[in-house]
Amino acid sequence: MRPHWLGLRARFVLVVFAGVALVASAAGMVSYIDTRHSLLAATQERLSDLTQAQAARLGAYLAEVAGRTKGLAVSIETRPPRGVDQMWSMLRAQLMADHRIFGMALGFAPFAHDPNRRRLALYMYRSPSGPKRASLDNLEYNYLRQPWYLAPSLLGRAVWSEPYYDEGGGGVIMTTLGVPVYRQGKLYCVVTADISIKDLKRGLRKMPGPSRGWTFVISRTGTFLAAPQDQWIMAESIFSLAESLQRPSLRKLGQRMIRGGVGVVSVKDWRTGQPAWLAFAPVAGVGWSFGAVVSEQDILAPAARLARRQGSIALAGLAVLVLVVWLLITRLTRPLTRLAQAARRLAAGDFSVKVAGVRPGDELGDLAEGFNQMVDDLNRYIEQLTETTAAKERIESELDLARRIQESILPRTYPPYPDRDEFDLFGLTIPARQVGGDFYDYFMIDHDHLGVVVGDVSGKGVPSALFMTVARTLIKSAAAHHLDTTEVLDETNRQILPGNDMCMFVTVFYGVYQISTGRLVYSSAGHPPPLVRRASGHVKQAERLAGMAVGVHDDLGLAVGSLQMEVGDLLLVYTDGLDEAIDPRGEMFGTARAMDWLSRTEVTTAPDIIDRLVRYHRAFTGPAEQFDDLTLLLLRRTT
Amino acid sequence: MNRAAAPKCPGARRWVAAGLLLIGLLATAAPVQALDRVSLGLVWTHQSQFAGIYVAQDQGLYRQYGLEVRVRTGGPHKDSLRELAQGHCQFVMSSLAAAMVRRAKGLELVHLAQVVQRSANLLVARASTGITSLADLEGRRVSLWGGISSLAAQALFRHQGIKVRTIPQGTTITLLLTGAVDVASAMRYNEYHQLYQAGVDYDELVVFDMAKLGINLPEDGIYTMEGTWRRSPDICRRLVAATLAGWRRAFADPQAALDSVMRRVHRDRLATNRSHQRWMLEEMRRIIMVPRDQPGRMGRLDPRTFALVGRVLQAHGFIKSTPAMQDMVVNAHRKRP
């Protein structure tokens, strides 16, 4: 399986961090949008109010000048000045009374004041050395053709002129209010007052405006009268900007403004090209429009500030959260780490390991407790195992002892009777387990008779071994009292049967060999008949005799057989461990194979033949486990 | 709005390039030739109406023609022909009508070349006044420039039999904008666009184009005293050739020409802007470079136009008889015969 690329702690922290960051940024976004919305709404309102207030203030400023001029007009209308000197003093008085007025003029209609004089115009203006007089009635200037005279006289009302460069005033930009004065229904004169645009601009600057942003005033024709850009003043109009920037929307906006519109609109600041808000309001009486532009960035600065602050708080919070979560996770996973270490030590064989310092009460406590319990159980089990093993070893050593005792019971000396050279005799038992139920025995009954016994007790192990010992002893004891082979076996049966509660039985071959004649008389209690090899090499099975195994029934129904052995003949008595042995494929060794081997084998001493037969037998069975004990007994007539 | 400032560098480069060219020309063609110093009087303050002259000056065309030209601006209180008569300028720009009146009154001036082929003179009314045709002008307040300047309009009214209330028109369009008058004089290249830049859309205006109405009294010809022409016809020809070359170059490179205009505008602190001057330059192209299928070639004065101006002037009593064209018009734009 692909391993995790991050540890448990890092994964947990990452998930928590991502989740909280997501929620925080979503909340921040919503908050920013809300703040932005309400800020824009509030600013629009505030900007609109402020602009109208400023426009009104500018209007009031101009209205004061207009009022003064109109006052002069009214006084001239009611009490026309008699002479030029009086005119000058009237002009001077008004000029001195209002510092905002740069100059004032009286332009009389042709022949209106003096029937002999077509042109009469007086102009008084400020100069560094005080009020100065100037006559405007020269032909070249021809005030009668000037807009300041013509517009009021044609329209019959006070008119603010389009701002203009004053030729006499050192290039100062002026705007002039012209007020027509009528006497007897005819135009008498036009009274004017000049305001320097410079003053207007200064006045604008004094006005409390939007903290950042810029204000401007455009005239009736859209021409800039006041603006932060000096090069715009008089030269550019909002329409010329629209033309050069190719922005028809700005032209439409300008038209709204000069037609006296009020509004707040979203625009692209035509100085910077940035999104901005423009509020505008008309300046009453003069046809101008006041505008204020505030960049959206400035308006939204508080929102941005708030967002930044929220962002930093969120970041700090996240940092703390991550720290706390890290610590918590570390505390949570410390038992896990300990458990992992303990498990590793346990795997390395340290059974003394314990997980300590894990507070019980939660899942990890349970886990640690379970681990410790497991180690305890493991230790206990190992202890028990050790004990069991010790017991087993004891039993096995006892069994081994028993085997050796059993082996020692059977006659093992070779040659068995060193002083008798008429026969060669050797027996061997190989138990399937430590102790077996097979046995063999031989004993001299008298000088000329040799008793030969091979038995096979049913079952295996210790009970068989014990039964075998009893059977062998009883047979040997019976053989001492009886010559007849059937009698020996019957006697043995009689001895065994009453106490045989376990229903064990034993097959027994018992033969008596007359050494002098080579004649063998024998009986078989359920035992397989022995094999005989003649000196010629011919092998045959001895006659199968009736008879049940000892320990089964009180009447065994035994028979007696006999066999004549010549010099060089071999007799092989065996148990079913020989013929019923199986190889790994399950094939049986069989009597035929034993007879075949026996016919082909070289005749040497009895132990040697048995030894080779056992090796041949082992080669056949291979590693297959043998369930039966194997007992072989070989008798050879030598003389 | 710093568009005037940006192209300054290319302008300067052109200047330098022209200068180098000139130096090259002088070095190869003419051995140390002293420049002839002359002065040229304009009919108005600096604006694109004279862009060709500025270009000829700024891009070294006059020097190339061996001239050092001092340009004198005009204005509302200046009369270029008076400047000529008084000897302040050797050369002046003037309308044909005004020059013909002076000639008829005895000032011995000659017409060297006709720059503007078609008059830009208009009468403009605001559509809101309900004026749609010439007949609607009857009884209306019409502001007109003084004297000869409004000759075409007066000829129109006389021809159509319209009586209007004439109001003297100053240098601004304020009277029309405030509604003090119903109709005003305008040059298509100037006041007409000023109205637009005052927020009046073109479709809010009703225009009567004098040239289209058959009263083409062209403005802006180059004049000098007959004596100057007799004494120094070569200088006159060079001045005309360089000026006309200046115009061609101005139309070929309007941005550089506008730079030249705006430099002078700023120097004189004139209340105008670049987009207005751009409009003016384009309009000058239309009235100077008349399309080939229409009469009028830059420099040439059409005899029919000359005759028309004389007829109109006579009809209005400005002159008693039309001066002979061969006396007054010397065709200095042509190659020496």
Side-chain angles (χ1 to χ4, degrees), chain A residues 138-157 159-165 167 171 173 218-224 227 229-246 248 251-259 270-271 287 289, chain B residues 1-6 45 75-79 82 128 140-147 149 165-182 184 191 193-202 204 258 262 265-266 268-279:
Chain A
N138 61 78
L139 186 55
E140 194 176 343
Y141 180 65
N142 198 358
Y143 73 89
L144 293 173
R145 289 169 173 268
Q146 298 299 325
W148 62 258
Y149 176 84
L150 277 173
S153 57
L154 285 171
L155 290 167
R157 59 175 167 84
V159 178
W160 285 95
S161 78
E162 265 304 290
Y164 57 92
Y165 280 112
E167 289 172 21
I173 299 166
I218 54 173
S219 75
R220 259 190 304 260
T221 63
T223 307
F224 284 97
Q229 293 79 6
D230 281 334
Q231 71 270 21
W232 286 6
I233 292 172
M234 296 297 291
E236 297 281 357
S237 75
I238 197 162
F239 304 108
S240 73
L241 286 185
E243 191 175 343
S244 61
L245 295 172
Q246 298 183 327
R251 182 175 173 85
K252 288 268 178 295
L253 181 66
Q255 286 172 338
R256 266 182 75 190
M257 289 179 76
I258 62 169
R259 283 164 197 171
W270 51 92
R271 297 192 309 163
S289 186
Chain B
M1 238 307 284
N2 249 342
R3 297 181 62 162
T45 52
H77 310 308
K78 281 186 186 168
D79 178 359
R82 196 165 64 214
S128 57
R140 299 280 189 164
R141 282 179 182 165
V142 179
S143 67
L144 296 176
W145 291 309
S149 306
R165 203 182 141 194
T166 305
I167 307 291
Q169 179 168 327
T171 59
T172 70
I173 45 166
T174 316
L175 292 179
L176 186 72
L177 283 171
T178 54
V181 298
D182 302 316
E191 287 82 0
H193 187 255
Q194 279 175 4
L195 285 167
Y196 179 77
Q197 283 204 340
V200 183
D201 291 340
Y202 292 128
E204 291 180 273
L258 277 173
M262 292 313 288
V265 163
H266 290 140
D268 286 9
R269 303 186 62 193
L270 298 172
T272 186
N273 56 69
R274 191 180 177 95
S275 49
H276 179 58
Q277 295 305 323
R278 181 179 299 118
W279 164 275

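Quick note on labels: first sequence line is chain A, next is B, and so on, each numbered from 1. The shown structure was predicted, so the numbers you read here are calculated from the model rather than taken from an experiment.
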Please classify the contact of A:I218 with chain B as side chain, backbone, both or neither, using a heavy-atom distance under 4.5 Å.
neither
Honestly, the part of B:T272 sitting under 4.5 Å from a heavy atom of chain A is backbone
Going from CD on B:Q197 to OG on B:S275, what distance comes out if it is rounded to the nearest 0.5 angstrom?
4.0 Å
With only heavy atoms counted, which part of B:L195 is less than 4.5 Å from chain A, the side chain, the backbone, both or neither?
neither
Which region of A:R157, side chain (C-beta onward) or backbone (N, CA, C, O), has a non-hydrogen atom less than 4.5 Å from a non-hydrogen atom of chain B, or is it both or neither?
side chain
So what's closer than 4.5 Å to chain B heavy atoms on A:S240: side chain, backbone, both or neither?
both
Measure distances from A:R251 to the heavy atoms of chain B and classify the residue's part below 4.5 Å as side chain, backbone, both or neither.
side chain
Heavy-atom distance under 4.5 Å between the side chains of B:T45 and B:D268, does that happen here?
no
With a 4.5 angstrom heavy-atom cut-off, could you sort out which part of B:V200 is near chain A: side chain, backbone, both or neither?
backbone
Flag for B:N273-A:E243: side-chain donor and acceptor within less than 3.5 Å
no
Most heavy-atom pairs under 4.5 Å with chain A, out of B:D201, B:V265, B:T174, belong to B:D201
Report yes or no: does A:T223 contribute a side-chain atom to a donor-acceptor pair with the main-chain N or O of A:S219 at less than 3.5 Å?
no
Start with the C-alpha distance between B:Q169 and B:S149, add both sets of side-chain angles, then the distance that settles side chain to side chain contact (heavy atoms under 4.5 Å, CB included), and finish with yes or no.
CA-CA 11 Å; B:Q169 179 168 327; B:S149 306; over 6 Å; no
Using modelled atom types only, decide if a donor and an acceptor are shared between the side chain of A:R220 and the backbone of A:W160 within a distance under 3.5 Å.
yes
Please classify the contact between B:E204 and chain A as side chain, backbone, both or neither, with a heavy-atom cut-off of under 4.5 Å.
side chain
Among A:L155, A:T221, A:L154, who wins on heavy-atom pairs under 4.5 Å with chain B?
A:L154
Is the distance between the ring centroids of B:Y196 and A:F239 under 6.0 Å?
no
Proximal component of A:I258, with respect to chain B [non-hydrogen, under 4.5 Å]:
side chain
Is there side-chain contact between B:Q194 and B:L177, with heavy atoms separated by less than 4.5 Å?
no
